[in-house]
Number of protein chains: 2
Amino acid sequence: MTITPTSLKAELNEKGWRMTPQRETILNAFQELKQGKHLSVEDLHDRLMQAGEDISLSTIYRTVKLMARMGILRELELAEGHKHYEMNAATPHHHHHMVCVQCNRTLEFENDTVLKQSMKQVEKSGYQLIDCQLTIYAICPEAIRYGYPALPSENWMCTRAIADKTKHKKKMRGHRDDD
Amino acid sequence: MTITPTSLKAELNEKGWRMTPQRETILNAFQELKQGKHLSVEDLHDRLMQAGEDISLSTIYRTVKLMARMGILRELELAEGHKHYEMNAATPHHHHHMVCVQCNRTLEFENDTVLKQSMKQVEKSGYQLIDCQLTIYAICPEAIRYGYPALPSENWMCTRAIADKTKHKKKMRGHRDDD
DNA sequence: TTTGTTGCAAATACTTTGCAACCAG
DNA sequence: CTGGTTGCAAAGTATTTGCAACAAA
């Protein structure tokens, strides 16, 4: 079932919580996100600011955490240092991620077997499934050619990592959210 | 194949890096860890201190990160706030984790299907597998009974979460590493 | 010797929280 | 009205980094 502002409100109220313009705006932002995209809290903040939506960082932190707990968002742990969020079940099929530990290049892939295995496991223990994420840590072909593993401070770097580095300097903080 | 101080040294030297007493101590600490246990950087630091091994936090951070990149350790993202580490392939079978989003109670389970699926995915893309982790986020039976989802600041809490809270106050920082 | 490594302290980065004002129900 | 929510500023906490001293190869 699809989440709408109305259904979100209902779900919130049921728990004694409230719908707010901020929460609606944030929900919309995630729903407008194109397939395979995920945002960090700061990405989301920037994006909202540019759209003229002035929502504080605190509120965004609080909201994404709440929505993740409600199972509306998925909290992804891909690149180092901070979390990314995306709609849960936004894609036609449940998907997972493969990330290169050198350049953080992330590939998304679908795999129903994993979801099935997870449901089996959850049922067995009497738990209730919120989300399951298979994250594959790997080395991308380019990094392999360069002789990875090597520390990031070494004298080589994937093209992606270099692009990232540049972004750091410009924005004074470091991460990637493409792919 | 099992990692030994000797094989670690060889692997390091091959990349132009060095074996040090600190690295050996840290490797040993992880190998002595009983099945299913994982440590945060701070857990490890405390443990080493108690054993009379005075290794700085910086070095531990640097070492676990290096060893994770080398595929010797697995970096786990279970409880909120900080990472846990464990030997990669320490267990007879590859294992994964199911964690309750309310109380952080973590269950470990084995599943070879997931590993097989991951290997398939990795090969398809020409990547080289370092690790794959299926993390299931779920609600434990106890939390379901209490009517989760609810914010942590609500007026109820799993017994595990309460135990955790107590630990916080005592240690002035918050996490769990049991189960 | 050369160059990677350590330890310390300082700096970062990310996230949480207290509190007064605000507003949804 | 009542109590959840927001925004701000001020903490917190986890992690990284510069640098001089040190030590492995």
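Numbers restart at 1 for each chain; the letters A, B, ... are given by sequence-line order, proteins then strands.
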Among D:dT6, D:dG4, C:dG7, the one nearest A:W17 by side-chain distance:
D:dG4
Would you mind reading off the distance between A:K15 atom NZ and C:dG25 atom P, rounded to a whole angstrom?
17 Å
Among C:dC8, C:dT16, C:dG25, find the nucleotide with the atom closest to the side chain of B:R62.
C:dC8
Going by atom types alone, do A:E108 and A:H38 pair a side-chain donor with an acceptor below 3.5 Å?
no
At under 4.0 Å, does any side-chain N or O of B:N13 touch on OP1 or OP2 of D:dA24?
no
Has A:Y61 got a side-chain N or O lying under 4.0 Å from the OP1 or OP2 atom of C:dT15?
yes
Students often get this wrong, so: under 4.0 angstrom with heavy atoms, is B:I55 touching a base, only sugar-phosphate, or nothing?
sugar-phosphate
Checking side-chain contact (heavy atoms from CB on, under 4.5 Å) against B:E75, which of B:M67, B:R69, B:K65 comes through?
B:K65
With respect to the side chain of A:S56, which nucleotide from D:dT5, D:dG18, D:dG7 is positioned closest?
D:dG7
Of all the heavy-atom pairs spanning A:Y85 and A:F30, show the shortest one and how long it is.
O-CE2, 3.3 Å
Please report the C-alpha distance between B:H95 and B:E86 in whole Å, then the side-chain angles of each, then the deciding distance to 0.1 Å, and finally whether the side chain to side chain contact (heavy atoms under 4.5 Å, CB included) criterion is met.
CA-CA 11 Å; B:H95 66 284; B:E86 67 180 11; 2.9 Å; yes
With a non-hydrogen cut-off below 4.0 angstrom, is B:S58 in contact with a base, only sugar-phosphate, or nothing?
base
Is a side-chain N or O of A:Q22 found less than 3.5 angstrom from the main chain of A:S56, in a donor-acceptor match?
no
Under 3.5 Å, is there a donor-acceptor pair between the side chain of B:R74 and the main chain of B:C132?
yes
Could you tell me whether the side chain of B:L48 reaches within less than 4.5 Å of the side chain of B:I60, counting heavy atoms only?
yes
Within less than 4.0 Å of OP1 or OP2 of D:dT5, is there a side-chain N or O belonging to A:T59?
no
Which of the following nucleotides, C:dC14, C:dT17, C:dT15, is nearest to the side chain of A:E42?
C:dC14
Give a yes/no answer on whether the side chain of B:K65 brings an N or O atom under 4.0 Å of OP1 or OP2 in D:dT16.
yes
Heavy-atom nearest nucleotide on DNA chain C for B:G16 versus B:D54: which residue maps closer to 5'?
B:G16
Using a cut-off of strictly less than 4.0 Å, decide whether B:K9 has a side-chain nitrogen or oxygen near OP1 or OP2 of D:dA25.
yes
Pairs under 3.5 angstrom, nitrogen or oxygen only, protein versus nucleotides 20-23 of chain C, please.
none

Between B:R23 and C:dG4, is there a side-chain N or O to OP1/OP2 distance below 4.0 Å?
no
Less than 4.0 angstrom between a side-chain N/O of B:Q22 and OP1 or OP2 of D:dA23, yes or no?
no
